[in-house]
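These values consider heavy atoms only, across backbone and side chains, with no hydrogens, waters or symmetry-generated copies. Positions are given from 1 along the sequence.
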Amino acid sequence: MAARGVGLLTRLPLHSQRRSRVQRSIPRHFSCPGTVAANFGSEEQPLGGAQTGSEDKIPKKRFSEVQKERREQAQRTVLIHCPNNINEKKFLKYLSQHGPINKHFFYESFGFYAVVEFCQKDSVNSLQSEALTPNMSTESAIPFKSRFLNLKLKNLSNKIPEQLCAQTSNQSPPSSKKLFELLNYAESIDDQLHTLLKTFQLTEENVRLRHLTCSLIEDIAAAYFPGCVIRPFGSSVNTFGKLGCDLDMFLDLDEIRKPDVHKNAGNFLMEFQVKNVPSERIATQKILSVIGECLDNFGPGCVGVQKILNARCPLVRFSHQASGFQCDLTTNNSIALKSSELLYIYGSLDSRVRALVFSVRCWARAHSLTSSIPGAWITNFSLTVMVIFFLQRRSPPILPTLDSLKSLADAEDRCILDGNNCTFIRDLCKIKPSGNTETLELLLKEFFEYFGNFAFNKNSINIRQGREQNKPDSSPLHIQNPFETSLNISKNVSQSQLQKFVDLARDSAWILEQEDKGQPSPSSKQPWGLAALLLPPGAAYPSLSKKKKKLMSEKVKGLLASIKSSSTDISKDTYGKRAISTQA
């Protein structure tokens with residue numbers, strides 16, 4: 001389609017624009033009104049600005065390496081509640097007494113906060129040794145010493161010039177109005193998808209804050225289970241998280257259980273005295289119950305604690321007020337972490353993957369296909385797997401199947417969890433990039449066409465083999481769990497919700513088809529491309545509503561004609577049978 005511009009953007013011929021889009025490099029650090037993108041250098045997540053992703057020659061780290069680095073960063077970091085009018089220069093000078101500072105940023109969430117990472121962990125201990133337990137005149141303070149601190153100014157009379165006050169980083173996504181402005185100013189549909197990705201993806205600051213929150217919860221859990229680890233999983237670490245998404249974490253006790261073979265040499269074996277319970281589920285419930293009580297009674301900033309222990313996967317749900325995150329804490333959820341690693345690999349292999357996933361998710365959310373409330377809706381995880389499956393089906397494939405990744409695995413990659421084979425190659429450098437060069441515009445349209453005509457009534461989606469398979473059950477939508485292959489990750493989806501998805505996919509494919517024909521006119525202020533897909537059906541293209549009404553009218557007429565014809569045949573049939581009976 002012809003690329004569109006607003007204001008000073010120049011309209012070029014179609015072939016010229018497509019060539020310029022491939023050659024033009026998209027900046028890795030994107031900023032827009034309402035967001036602040038801090039430049040943290042090589043630690044920033046790749047934004048995927050290239051057309052195909054195979055052009056990016058920067059070596060990508062393994063998932064385990066990234067998580068290890070993030071955890072070490074968090075352990076050197078403190079969270080400080082500050083006065084609103086804090087002088088940034090003096091604040092940093094004061095903290096530098098305890099050691100050199102590596103990174104810092106400020107943000108607002110039920111108050112004004114600073115996240116400060118020191119170069120050495122000892123600096124954190126030095127700062128904590130200076131901190132005091134506050135004296136309360138009417139209440140009594142629980143003397144819990146954490147890395148969540150409170151800073152007070154001794155002299156409040158001095159007014160600080162505005163230019164010396166600390167500037168905050170916004171941790172929230174843009175408003176719908178701002179998003180539509182950004183999309184309408186894009187030069188092409190490809191640019192729209194990249195813009196949406198850069199606007200909604202987790203910023204470097206937000207990622208750091210998520211890992212710090214896990215580290216602060218780990219400090220609390222370690223009081224009962226020394227050596228335990230609180231690990232984030234899901235959207236916070238798999239490269240598909242958007243600003244404002246929940247923080248999923250699990251209490252990993254495997255490090256405690258691992259035996260040290262060097263210390264157990266000889267004829268003697270020393271074991272801890274422990275309490276025994278009838279099952280692992282009961283042990284999980286008891287552990288989470290204690291951690292939940294501790295968070296509720298002693299955890300600074302932890303509010304609204306709910307212990308949901310009778311769920312299929314027991315959890316503790318709470319809000320971390322200082323960070324603004326809604327948190328779910330489970331225990332020993334290793335398969336979920338492995339799923340996060342798999343998505344991390346898929347999201348890192350090709351820049352188009354994340355751009356397409358973010359756009360499809362945003363489209364689904366705009367049309368209420370997904371919801372934060374549990375129910376019969378399609379989940380973001382299901383949509384992500386559907387996009388991956390679609391990209392595996394391209395010619396040539398953009399993404400490899402899970403079985404292909406398994407065949408590339410070394411002995412060190414072998415992983416069996418709860419009897420499930422979770423083995424796949426973890427080194428991104430050993431995976432051959434795709435030779436597919438299709439544009440995001442084409443992929444988006446083809447995605448809607450593919451699933452708008454998918455035989456959901458008889459086929460299931462399987463990214464392990466990358467092909468359609470016969471459904472093993474009667475669920476309206478069947479998407480095989482990549483690791484626990486007997487499970488359907490979309491079992492909750494109802495027939496009506498699936499039909500809604502199919503109808504909207506067909507409508508969206510039709511809208512993009514009109515874009516290819518050059519409609520609406522460039523002079524029109526009407527939303528176009530991806531922006532048009534995010535509007536209610538018929539809002540961008542009134543002719544779509546007329547077309548659907550016409551099709552519905554024809555469908556009803558056909559149905560009535562069919563009923564009338566059947567009724568006539570039955571009448572004739574009945575009369576004929578009676579006549580035969582009389583003659584007999």
Side-chain angles (χ1 to χ4, degrees), residues 74 79 81 109-111 113 139-142 144 146-148 171-172 202 206 209-225 228-238 241-253 277-337 339-340 365 370-382 489 491-492:
L79 177 61
H81 181 243
S109 171
F110 298 99
Y113 296 90
E139 298 176 309
S140 180
I142 296 174
F144 183 80
S146 72
R147 285 177 289 133
F148 181 15
Q171 302 298 315
S172 302
L202 300 182
N206 199 273
L209 187 56
R210 288 171 183 272
H211 283 267
L212 174 57
T213 302
C214 289
S215 188
L216 294 174
I217 303 303
E218 182 181 306
D219 290 347
I220 297 172
Y224 287 94
F225 305 102
C228 71
V229 181
I230 298 287
R231 301 190 189 278
F233 69 94
S235 296
S236 296
V237 296
N238 64 19
K242 72 178 184 69
L243 289 171
C245 68
D246 292 349
L247 173 54
D248 295 316
M249 59 180 84
F250 78 94
L251 174 65
D252 189 353
L253 299 173
V277 293
S279 68
E280 186 175 348
R281 178 177 175 82
I282 293 175
T284 295
Q285 290 172 327
K286 287 182 176 292
I287 290 169
L288 287 177
S289 179
V290 170
I291 299 298
E293 286 293 323
C294 199
L295 290 174
D296 196 18
N297 293 313
F298 308 132
C302 298
V303 298
V305 178
Q306 303 175 61
K307 295 187 290 183
I308 309 172
L309 304 179
N310 291 321
R312 186 181 70 83
C313 182
L315 61 94
V316 174
R317 180 167 291 162
F318 62 97
S319 297
H320 192 257
Q321 205 168 36
S323 64
F325 298 136
Q326 295 293 319
C327 305
D328 282 353
L329 173 65
T330 57
T331 181
N332 291 341
N333 203 349
S334 299
I335 289 184
L337 188 64
S339 296
S340 301
R365 188 172 62 255
T370 56
S371 174
S372 58
I373 304 170
W377 299 275
I378 298 175
T379 65
N380 280 329
F381 181 52
S382 293
I489 65 172
K491 190 176 181 179
N492 63 299

Which distance, rounded to the nearest 0.5 Å, do you find between the [atom1] of [X] and the [atom2] of [Y]?
{"X": "Phe250", "Y": "Leu315", "atom1": "CZ", "atom2": "CG", "value": "14.5 Å"}
{"X": "Ile282", "Y": "Ser289", "atom1": "CD1", "atom2": "OG", "value": "13.0 Å"}
{"X": "Gln321", "Y": "Phe148", "atom1": "CD", "atom2": "CZ", "value": "8.5 Å"}
{"X": "Trp377", "Y": "Ser382", "atom1": "CH2", "atom2": "OG", "value": "14.0 Å"}
{"X": "Leu202", "Y": "Cys245", "atom1": "CG", "atom2": "SG", "value": "5.0 Å"}
{"X": "Leu288", "Y": "Cys294", "atom1": "CG", "atom2": "SG", "value": "12.5 Å"}

If you look at every heavy atom in [X] and [Y], which pair is closest and at what distance?
{"X": "Arg147", "Y": "Ala74", "value": "NH1-O, 2.7 Å"}
{"X": "Ile220", "Y": "Phe144", "value": "CG1-CZ, 3.6 Å"}
{"X": "Arg281", "Y": "Asn310", "value": "NH2-O, 3.3 Å"}
{"X": "Met249", "Y": "Phe318", "value": "CE-CZ, 4.3 Å"}
{"X": "Leu251", "Y": "Thr331", "value": "O-OG1, 3.1 Å"}
{"X": "Leu79", "Y": "His320", "value": "CD2-CE1, 4.3 Å"}

Test side chain to side chain contact (heavy atoms under 4.5 Å, CB included) applied to Thr379 and Ile489, step by step: CA-CA 9 Å; Thr379 65; Ile489 65 172; 6.0 Å; no

All salt bridge (Lys or Arg N to Asp or Glu O under 4.0 Å) counterparts of Arg231, not counting sequence neighbours: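 For Arg231 the salt bridge (Lys or Arg N to Asp or Glu O under 4.0 Å) partners, ignoring immediate neighbours, are Asp252, Glu255.
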
Test applied, side-chain contact (heavy atoms from CB on, under 4.5 Å); reference residue, Ile291; option that passes from Ile230, Val316, Leu329: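 Testing each of Ile230, Val316, Leu329 against Ile291, the sole residue satisfying side-chain contact (heavy atoms from CB on, under 4.5 Å) is Leu329.
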
Side-chain heavy atoms of [X] within contact of [Y], under 4.5 Å:
{"X": "Ser236", "Y": "Arg210", "value": "yes"}
{"X": "Asp248", "Y": "Asn333", "value": "no"}
{"X": "Leu209", "Y": "Phe325", "value": "yes"}
{"X": "Ser235", "Y": "Asp246", "value": "no"}
{"X": "Ile217", "Y": "Leu295", "value": "yes"}
{"X": "Leu247", "Y": "Cys214", "value": "yes"}

I'd like a table of donor-acceptor pairs (distance under 3.5 Å, sequence neighbours excluded) in which one partner is a side-chain atom from residues 296-306, with atom names and distances.
| from | atom 1 | to | atom 2 | distance (Å) |
| --- | --- | --- | --- | --- |
| Asn297 | ND2 | Glu293 | O | 3.0 |
| Asn297 | ND2 | Glu293 | OE1 | 3.4 |

Test side chain to side chain donor-acceptor pair (under 3.5 Å) applied to Arg317 - qualifying residues, sequence neighbours left out: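 In terms of side chain to side chain donor-acceptor pair (under 3.5 Å), with neighbours along the sequence ignored, Arg317 is linked to Asp328.
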
Backbone of Ile378 reached by a side-chain donor or acceptor of Thr370 within 3.5 Å: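 Between the backbone of Ile378 and the side chain of Thr370 there is no qualifying donor-acceptor contact (under 3.5 Å).
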
